[in-house]
Amino acid sequence: MAETITITDNRSGESIEIPIANGGVDASQWRKLLPNVWFYDPAFSTTAAASSAITYLDGDAGILRYRGYPIEQLAEQSTYLEVAYLLIHGELPDQQQYETWVHDITYHTFIHENVRKRFMEGFHHDAHPMGILVSTIAALSTFYPDAKAIYDDDSRYKQIIRLIAKMPTMAAGAHRHSVGMPFVYPDNSLDFSSNFLSMMWKVAEPRYEPNPVLSHALDVLFILHADHEQNCGTTALRVTGSSHADPYSAVAAATTALYGPRHGGANEAVIRMLTQIGSMDNVEGFIADVKSGKGRLQGFGHRVYKNYDPRAKIIKQVADEVFGVTGKNPLLDIALKLEEVALSDEYFTSRKLYPNVDFYSGLIYQAMGFPIEMFTVLFAIPRTSGWLAHWLELLDRDERIARPRQLYDGAPERDYVQLDQR
Ligand code: ACO
């Protein structure tokens, strides 16, 4: 059977046959047959906006792989920095490459004093840390004008290292500012996740020693959040990067997209929802409200996963380890009951709505002491490596500037009427 599709323009009777390659058809072929007829797909639900070799996702089967490696193996055996290397370079590092990579990132964790003093401390005392983070990432482009050399390999490497290394420093700084605590400088004798915990929680002790179970749990969460192919934030990154903006500006755009409650802000929304439900007795009533259209079950559903999100499965295991140290998050029972009720309800099963990565991650973050405003920030830290992998890929594949078309449905031409005659 031919692996092609045929499109016929019934106005003219003309047809065009297009090969199906790698699960898609080349839309530029359609333009030959259909000039000025656009395919209407506002949220890109049926559009492959890029070809990519970074992350493989099968939403029906619940499969997620980075560069071919199953997420379950990476979560169990790798580290976040190794995964970041894999995403950026396409292959796992050898021993020497790994050591150089970790060294380079570790020694770029400090941020310019003006970034901290003039930018971060300039925000209002109750500024949301995600707002601080977005603006500070964008501001970094003014500190590193060499970042504009986007086709220079040395410059690219430097900006990638800087961004991955400085995200935890800016993230923790945003938190410290929002609670009126002094900024903590990086401790480069600690690993990536432990260093972040030190910058978050250190008070007067000479050296902060994080609990290794919590450091490891955070590292696993960073691995799970490192990339997720063409989601809203990554699409924002690719659209911005396609204009050849510098990587700080492109990552700031992606971080802004992540901020919204339908995307990275969902784990914050989950905790607010669980707190509002308040007790197991209210679960059935809450589900009934959702089914009658009063709000959504936060942390459930996904544009691509129509099965259990494989990351949610791993996170459930991590939750047990974390709660073994911190004690159980009292909201966990409500979450488990919600999941049980939803997964046995036809409304959710018929729509293939399952828990996504955000359903349990917020419970872990809260048990570890993170305020809920920090949850999306915790997502942005590791996603930076995925965004940068996409940034490199789109430049290397020489993608054209993103410029979709529209179907105009506004007013037809009309004449301007003077103000006193309207
Ligand atoms: N609770 C209740 N109903 C839902 C939910 C939900 N969480 N999600 C989707 N639905 C229903 C819709 O009402 C719709 O029902 P209908 O067909 O009767 O109208 C149907 O399921 C399909 O929903 P869509 O809105 O078309 O799904 P879409 O793919 O556009 O949305 C999204 C995906 C945004 C993730 C959605 O499921 C949602 O809002 N979930 C809650 C927020 C959330 O958890 N976001 C995190 C996503 S993961 C991430 O970004 C890291």
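Ligands are counted one by one from 1 in listed order, and the atoms in each one are counted from 1 as well. Hydrogens, waters and symmetry mates play no part in the numbers below; they use all other heavy atoms, side chains included.
Heavy-atom proximity to A266, at under 4.0 Å, picks out these atoms of ligand 1: 43 (C), 44 (O), 45 (N), 46 (C). Within the listing of ligand 1, atoms 51 (C) sit less than 4.0 angstrom from a heavy atom of F379. Every atom of ligand 1 with a heavy atom of R303 under 4.0 Å away is listed here by number and element: 28 (P), 29 (O), 30 (O), 33 (C). Atoms of ligand 1 lying under 4.0 Å from at least one heavy atom of G299, given by number and element, are 43 (C), 44 (O). Against a heavy-atom cut-off of under 4.0 Å, R262 is close to the following atoms of ligand 1: 45 (N), 46 (C), 47 (C), 50 (O).
The distance from the OG1 atom of T109 to the CD1 atom of I164 is 13.0 Å, given to the nearest 0.5 Å.
K166 places a side-chain N or O within donor-acceptor distance of the main-chain N or O of H108, the cut-off being under 3.5 Å.
At least one heavy atom of Y347 sits under 4.0 Å from some atom of ligand 1.
Protein heavy atom in closest approach to atom 10 (N) of ligand 1: L353 CD1, 3.7 Å. In this structure, atom 25 (O) of ligand 1 lies nearest to the protein heavy atom R296 NH2, 2.9 Å. If you check which protein heavy atom lies closest to atom 7 (N) of ligand 1, you get L297 O, 2.7 Å. Atom 2 (C) of ligand 1 has V290 CG1, 3.5 Å as its closest protein atom, hydrogens excluded (heavy atom only). Among all non-hydrogen protein atoms, the one lying nearest atom 35 (C) of ligand 1 is G301 O, 3.7 Å. Here the protein heavy atom with the shortest distance to atom 15 (O) of ligand 1 is R351 NE, 3.2 Å. The shortest contact between atom 51 (C) of ligand 1 and any protein heavy atom is with D358 OD2, 3.4 Å. Of all protein heavy atoms, the one lying nearest to atom 48 (S) of ligand 1 is H302 CD2, 3.6 Å.
For atom 46 (C) of ligand 1, a protein non-hydrogen atom is found at a distance below 4.0 Å. Protein heavy atoms all stay at least 4.0 Å away from atom 27 (O) of ligand 1. Within 4.0 Å of atom 19 (O) of ligand 1, not a single protein heavy atom is present.
For the pair K306 and ligand 1, the shortest N or O to N or O distance does not fall below 3.5 Å. At least one N or O atom of F300, backbone or side chain, sits closer than 3.5 Å to an N or O atom of ligand 1. Any N or O atom pair closer than 3.5 Å counts here, and Q298 shares no such pair with ligand 1.
Ring orientation note: the planes of Y107 and H103 are tilted relative to one another, at an angle of 30° to 60°. In this structure, Y305 and H228 have tilted ring planes: the angle between them lies in the 30° to 60° band. Between F370 and W201, the ring planes lie tilted relative to each other; the angle falls in the 30° to 60° range. The aromatic rings of H263 and F379 lie perpendicular to each other, with more than 60° between the two planes, well past the 30° mark.
Atom OH of Y151 is surrounded by more than 12 heavy atoms from other residues, nucleotides or ligands within 6.0 Å.
Between K202 and D187 there is no salt bridge, since no side-chain N of the basic residue sits under 4.0 Å from a carboxylate O of the acidic one.
A cation-pi arrangement, defined by a distance under 6.0 Å to the six-membered ring centre and an angle within 45 degrees of its axis, is present between R116 and F183.
With 3.5 Å as the limit, one finds no donor-acceptor pair spanning the side chains of Y144 and D246. A donor and an acceptor atom, one from each side chain of E339 and Y354, are nowhere located under 3.5 Å apart.
Applying side chain to side chain contact (heavy atoms under 4.5 Å, CB included) to R311 and the options I223, L221, L64 leaves one that passes, L64.
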